[in-house]
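Hydrogens, waters and symmetry mates play no part in the numbers below; they use all other heavy atoms, side chains included. All chains are named by letter (A, B, ...) in the order of the sequence lines, taking the proteins before the strands, and each is independently numbered beginning at 1.
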Number of protein chains: 2
Amino acid sequence: MPRAKEFDESEVLDQALEVFRVRGFKHTSFEDLTQGLGVSRQSIYDTYGDKNALFHAALRRYLERGLEFVGRKLDDRSPIREVLAGLFEGMNSNNCGKSSPGCLMVNSMVELAPHDAEVRALAQKHARGVEGLLASRIGIAQREGEIDKAKDPVALARFFYHTMLGLGVASRALGERDSLRDSVRMALQVLG
Amino acid sequence: MPRAKEFDESEVLDQALEVFRVRGFKHTSFEDLTQGLGVSRQSIYDTYGDKNALFHAALRRYLERGLEFVGRKLDDRSPIREVLAGLFEGMNSNNCGKSSPGCLMVNSMVELAPHDAEVRALAQKHARGVEGLLASRIGIAQREGEIDKAKDPVALARFFYHTMLGLGVASRALGERDSLRDSVRMALQVLG
DNA sequence: ATTGATATGGAATAAACGTTCCAATACAGG
DNA sequence: CCTGTATTGGAACGTTTATTCCATATCAAT
């Protein structure tokens, strides 16, 4: 029988995700990884493949987690404005941690999408996924009379998604928590 | 007397700006520059300094141009909704050129702001500048009765700025012109 | 204890990178 | 024609990078 793995493969992937989120892909060297993960070079190669594969795995995980998070938040049947405010607030909290790393998906869309087809595909998936969840939750709110039925739920969802992208950029580069909150309040006014 | 410069220093800086916008800073090699600018390595060093200096010069220029562009668009005293729609439309056109490079400021905010103090400073300047122009134009529209005076022009301006950031990301990674237009239409509804 | 997988650290490799140095050429004025 | 600057191409340098190779040590089960 083989020796048991000494590090938690999933846990270390999370750490890698965090390193990439803070430093970006190109700006992260393998030494940054070995140091940040507390795992040797060779073990990283054996377990995840090369730097690209590790990054893609991290981004895929981030994507899944993100969609779960959005889905969970939107399952709440409180008033739609409160639900969306909670969703945005949760995202801002996540993006504005110590060193405000922003959103890995947003960062990757900007840094890598033009050069990396897989990242581009994941970005599409992210956009379609989040927009879809938002649109269907908005549809529910419309049926329950919370939002004017004349509004286009798909267009609303896209607008909110684009707003999220902007908040991701702002949290990484400007990092003013309060103004993000203000913007969320404003964005929610499009619900009428 | 010296030999006259054979390339237009300002024109070449614009070309460098474009290369950086499409490829990003780290992803742009010096060979990319010499090829993209049609100027030799040595001439680039003699004229602009090293890669960092060239990039910073390009970003500063982009910042100035951007503020001029916004100022010019906002000088128009047509109805505020038309003016803002025109501003956003102009930005989207610029961001969605062939190969949809997005916005150099947004790209730099994401890629470099955490690691480069000068980029961070320019980002702050950009945010303050655009937000300021928007807020003052919104104030005018309020005084002319186009917008409810109870609304906070500064918060509105920040919201529109954050929306612009989001459109920059979307244009670079998703590049669907139509949905960007939809989002702009939605965003303008916060004016009431 | 042997086996077989796990993990590590260090050396080695090969490529890419930013940068500098150098020799050669082009050219506008005195 | 000179002189001084502009410009170029290529070589060279030193660094960093991702990746692979290897020898070694660890450990769980048979």
Side-chain angles (χ1 to χ4, degrees), chain A residues 1-60 104 107-108 111-112 114-119, chain B residues 1-59 107-108 111-112 114-119:
Chain A
M1 264 290 188
R3 175 182 174 188
K5 257 185 150 36
E6 283 191 1
F7 61 89
D8 184 334
E9 190 170 326
S10 169
E11 206 171 272
V12 167
L13 182 56
D14 284 340
Q15 292 173 324
L17 187 159
E18 221 49 49
V19 173
F20 281 130
R21 181 150 79 133
V22 173
R23 300 186 54 80
F25 177 72
K26 272 240 151 195
H27 210 272
T28 298
S29 71
F30 233 93
E31 208 186 347
D32 292 330
L33 290 171
T34 58
Q35 185 180 343
L37 311 191
V39 174
S40 73
R41 240 186 319 273
Q42 199 64 334
S43 294
I44 296 177
Y45 275 100
D46 290 345
T47 309
Y48 307 98
D50 63 16
K51 192 185 163 190
N52 260 284
L54 175 58
F55 177 81
H56 286 142
L59 185 58
R60 271 192 298 273
L104 180 63
N107 299 351
S108 305
E111 187 193 352
L112 303 170
H115 315 295
D116 185 323
E118 170 135 15
V119 169
Chain B
M1 264 293 187
R3 175 182 174 188
K5 259 187 146 40
E6 284 193 1
F7 62 89
D8 184 333
E9 190 171 325
S10 169
E11 205 173 273
V12 167
L13 182 55
D14 283 341
Q15 291 172 323
L17 188 160
E18 221 49 49
V19 173
F20 282 130
R21 182 151 80 132
V22 173
R23 300 186 55 79
F25 176 72
K26 271 239 151 197
H27 210 271
T28 298
S29 70
F30 233 93
E31 208 185 347
D32 291 328
L33 289 171
T34 58
Q35 185 181 342
L37 312 191
V39 175
S40 74
R41 241 185 317 276
Q42 200 66 318
S43 293
I44 296 177
Y45 275 99
D46 289 345
T47 309
Y48 307 98
D50 62 16
K51 191 186 164 192
N52 260 284
L54 174 59
F55 177 80
H56 287 143
L59 185 57
N107 298 352
S108 305
E111 187 193 355
L112 302 171
H115 313 297
D116 185 324
E118 170 134 15
V119 170

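Residues B:His27 and B:Asp32 have side chains that never bring a donor and an acceptor to within less than 3.5 angstrom of each other.
Between the B:Lys26 side chain and the B:Leu112 main chain, no donor and acceptor come within less than 3.5 Å of each other. Of the possible polar contacts, none joining the B:Lys51 side chain to the B:Ser29 backbone as a donor-acceptor pair under 3.5 Å is found. Checked by atom type and distance alone, the side chain of A:Glu111 pairs as donor or acceptor with a backbone atom of A:Phe25 at under 3.5 Å.
The interatomic distance linking A:His27 (NE2) with D:dT17 (C1') rounds to 13 Å, in whole Å. Going from atom CD of A:Gln42 over to atom P of C:dA5 covers 16 Å, rounded to whole Å. Across the protein-nucleic acid pair, B:Asn52 atom CG and C:dC17 atom C1' stand 13 Å apart, rounded to whole Å. With rounding to whole Å, B:Glu9 atom CD is found 10 Å from D:dA6 atom P. Rounded to an integer number of Å, the gap from A:Ile44 CD1 to C:dT8 P is 9 Å. Residue B:Leu33 contributes atom CG, which lies 10 Å from atom P of C:dT19 at whole-angstrom precision. Rounded to a whole Å, the NZ atom of B:Lys51 is 13 Å from the C1' atom of D:dT16. Rounded to whole Å, atom C1' of C:dT8 lies 15 Å from atom CG of A:Leu37.
Listed candidates were C:dA7, D:dG10, C:dG18. Nearest to the side chain of B:Arg41 is D:dG10. The side chain of B:Phe7 has D:dT7 as its nearest neighbour among C:dT8, D:dT7, D:dT19. Each of D:dT8, C:dG18, D:dA18 was ranked by its minimum atom distance to the side chain of A:Tyr45; first place goes to D:dA18. When distances are taken from the side chain of A:Ser40 to each of C:dG9, C:dC17, D:dT7, the shortest belongs to C:dG9. The side chain of B:Ser29 lies closest to C:dC17 when the candidates are C:dC21, C:dC17, D:dT20.
Note on A:Asp50: only backbone sugar-phosphate atoms sit closer than 4.0 angstrom, heavy atoms only; bases stay farther off. No engagement by A:Thr34 is indicated, since no non-hydrogen atom pair under 4.0 Å with the nucleic acid exists.
Annotation for A:Glu118: atom CD counts as buried by contact number, over 12 foreign heavy atoms lying within 6.0 Å.
Of the residues near DNA chain C, A:Asp46 and A:Lys26, the one whose nearest nucleotide (by heavy atom distance) lies more toward the 5' end is A:Asp46.
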